[in-house]
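Written out below as structure tokens is the structure these notes cover.
This chain uses plain numbering: 1 for the first residue, then up along the sequence.
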Amino acid sequence: MAGRSQPPYRPRPNFSSSSSRSYHPSQPSRNFQSHHTKNVNSSTPNGTPIQNNASDNKTSSSNWDKVIDEDIDDIQSLVGTCPFMCPVEEREKRERLRDLAVFERLHGNPRQSSPSLAVKKFCRTISVKTLQDSDVRPLSVLEDTLNYLCNLLDSTEHPFEVVHDFIFDRMRSIRQDLSMQNISCSRVVSMYERMVKFHIISQHKLRRCSGSNISSLSYLNMEQLTKGETLSLWFRRVPSHIMKSTEMNFARKILRYFKLGFYKKFIHTTESESSYLQYCIIEPSINEVRSLAISCVNHGGYKPQPFPLVTLSKLLMMKEWDVASFCKDSGLQTSVDEEGNSCLPTKQTTLIHPKGGLHKYYPLESERFERFSVEL
């Protein structure tokens, strides 16, 4: 995916615009909120369920498609007619206000864009009374817009946090347009799968970024991933053929190793069997498992014989100097023996488990993962 050129966006010109609302002939009128819940309750492509996060923080995006209007039934019959990635009126307004992201600027001009660059922004509140069919994009245009956004993921022209922020917002707008039109089909499921992949891969890449706003970006990104049902509710409705699939068997095995504290099996099975996407999902738990391993070695070791860091590095799949840094982060001191080898003295009483976990991530040493890439 990296290095390939971005295909030009070609708007579809044959959508008729009408000020009157029209109905989907094949879809009965349904409650907007229940349909929205159905769309959001997704699962990752490898079968890992997305769990619900009911908390609503000050920067929460939990009301990302909230509609302010008591006449909610009107929105059920909406059929979008906008042929572009961004409605013309919105694009012109944002041009006047200089509200264009760097990806939307024509020749870098903050006051000028084009139909092939501008992408509709997410709007936290929408008034049904002022909403027109021409403000909403139909499914085919939304698919094209998603393709365009996914092609930006590997862009190296700007820092990744800038890329992520733009795609994050515009994908929320896609979900908003889908929900407002009550669209439900296999094409929409495929789109949601790709958006879930984006959030998983973004979380993986954000851990390697530095900056004052990375923490908030990561939090909001995880908030999108944790929208959904609890694990127990999700398992009740999983068909048997999915439960018996290779991906689900792997997920259950890794979860079992994690729950039972089998740190060596957890780390080495992850390295040898997981796909790149599965690794991105598992990655936040690897430091936690390594902390457990360090604790076991410290408490179970023989005090007169310090534990060699080279052995610990193989066990934890880390560089030796990263192991020393990891031990220090955990409140443990390392030493050097008479032969010049770095060791971890055991039975230390200074071991700590920082609240919120260790924020610095030490990559899993794996040549296999270095060769991985993923298509969205």
Side-chain angles (χ1 to χ4, degrees), residues 1-2 42-51 53 153-154 160-161 163-164 167-168 193-211 214-228 231 247-248 250-294 312-319 322-323 325-326 329-330 353-354 356-376:
M1 184 172 181
S42 310
S43 62
T44 57
N46 69 348
T48 306
I50 303 172
Q51 299 182 10
N53 181 0
L153 185 59
D154 284 331
F160 178 72
E161 54 266 33
V163 177
H164 164 82
I167 300 177
F168 178 92
E193 287 179 346
R194 297 177 70 190
M195 286 186 275
V196 168
K197 286 183 181 179
F198 160 74
H199 289 295
I200 293 171
I201 295 170
S202 278
Q203 196 67 16
H204 171 73
K205 292 189 174 186
L206 284 171
R207 291 188 196 99
R208 286 146 180 81
C209 296
S210 59
I214 296 300
S215 178
S216 60
L217 290 177
S218 180
Y219 172 81
L220 292 174
N221 188 66
M222 280 302 299
E223 189 181 48
Q224 293 298 309
L225 275 176
T226 53
K227 288 176 179 292
L231 192 62
E247 293 81 6
M248 184 59 75
F250 171 78
R252 295 170 70 186
K253 178 168 57 176
I254 284 294
L255 182 61
R256 182 168 64 253
Y257 292 159
F258 180 82
K259 294 291 187 181
L260 295 177
F262 294 165
Y263 51 83
K264 182 177 180 179
K265 287 185 176 181
F266 179 92
I267 292 173
H268 288 260
T269 301
T270 296
E271 192 282 330
S272 62
E273 297 184 21
S274 67
S275 67
Y276 176 71
L277 195 65
Q278 288 170 330
Y279 169 66
C280 290
I281 297 172
I282 295 170
E283 189 180 48
S285 301
I286 292 177
N287 266 1
E288 186 175 347
V289 173
R290 284 169 170 167
S291 291
L292 172 64
I294 290 288
L312 199 54
S313 69
K314 294 177 181 178
L315 176 66
L316 304 181
M317 301 199 73
M318 301 169 68
K319 291 183 173 67
D322 281 343
V323 174
S325 179
F326 188 84
D329 293 343
S330 302
H353 298 284
L358 297 169
H359 296 290
K360 183 178 179 181
Y361 178 72
Y362 299 93
L364 196 68
E365 282 296 294
S366 171
E367 294 181 1
R368 191 170 74 93
F369 287 147
E370 292 176 359
R371 299 191 299 267
F372 274 164
S373 62
V374 68
E375 293 280 341
L376 286 187

Residues which pass side chain to side chain donor-acceptor pair (under 3.5 Å) with S218, listed by chain and number, not counting sequence neighbours: Q203

With a cut-off of 3.5 Å and sequence neighbours excluded, list every side-chain donor-acceptor pair involving residues 258-265.
none

Quick one: are F369 and S274 in side-chain contact, heavy atoms under 4.5 Å? yes

Ignoring hydrogens, what is the shortest heavy-atom contact between R368 and T270? Give both atom names and the distance. NH2-O, 3.8 Å

Looking at every non-hydrogen atom in both residues, tell me the closest pair between I200 and C280 and how far apart they are. CG2-CB, 3.5 Å

NZ/K314 to CD/E365 distance, rounded to the nearest 0.5 angstrom? 13.0 Å

Value rounded to 0.5 Å, distance of OG in S216 from CG in N221: 11.0 Å

Can you confirm whether I286 sits close enough to L316 that some side-chain heavy atom of one is under 4.5 Å from a side-chain heavy atom of the other? no

Among all residues two or more places apart in sequence or in another chain, which pass the side chain to side chain contact (heavy atoms under 4.5 Å, CB included) test with S325? D329, K360, Y362

Which distance, rounded to the nearest 0.5 Å, do you find between the CG of L255 and the CE of M248? 10.5 Å

List in chain and number order the residues that pass ring-ring contact (aromatic ring centres under 6.0 Å, His included) with H268, two or more places apart in sequence or in another chain; answer none if no residue qualifies. none

Atom pair CD1/OG of I254 and S285 - distance to nearest 0.5 Å: 10.0 Å

What are the two closest heavy atoms between V323 and L312, and how far apart are they? CG1-CD2, 3.7 Å

Which pairs with one or both residues in residues 272-288 pass salt bridge (charged side-chain N to carboxylate O under 4.0 Å, His left out), sequence neighbours excluded? R207-E283, R208-E283, K253-E273

Measure the CD1-CG distance between I282 and L277 for me, rounded to the nearest 0.5 Å. 10.0 Å

Could you please spell out the steps behind the side-chain contact (heavy atoms from CB on, under 4.5 Å) verdict for Y219 and S215? CA-CA 6 Å; Y219 172 81; S215 178; 5.7 Å; no

Using every non-hydrogen atom in the two residues, find where S210 and E161 come nearest and quote the distance to one decimal. O-OE2, 3.9 Å

With heavy-atom distances below 4.5 Å as the criterion, would you say the side chains of Y257 and I267 are in contact? no

Gap between atom CD1 of I167 and atom CE of M195 - 0.5 Å precision: 12.5 Å

Check ring-ring contact (aromatic ring centres under 6.0 Å, His included) between H164 and all other residues, then give those that pass, not counting sequence neighbours. F168, F198

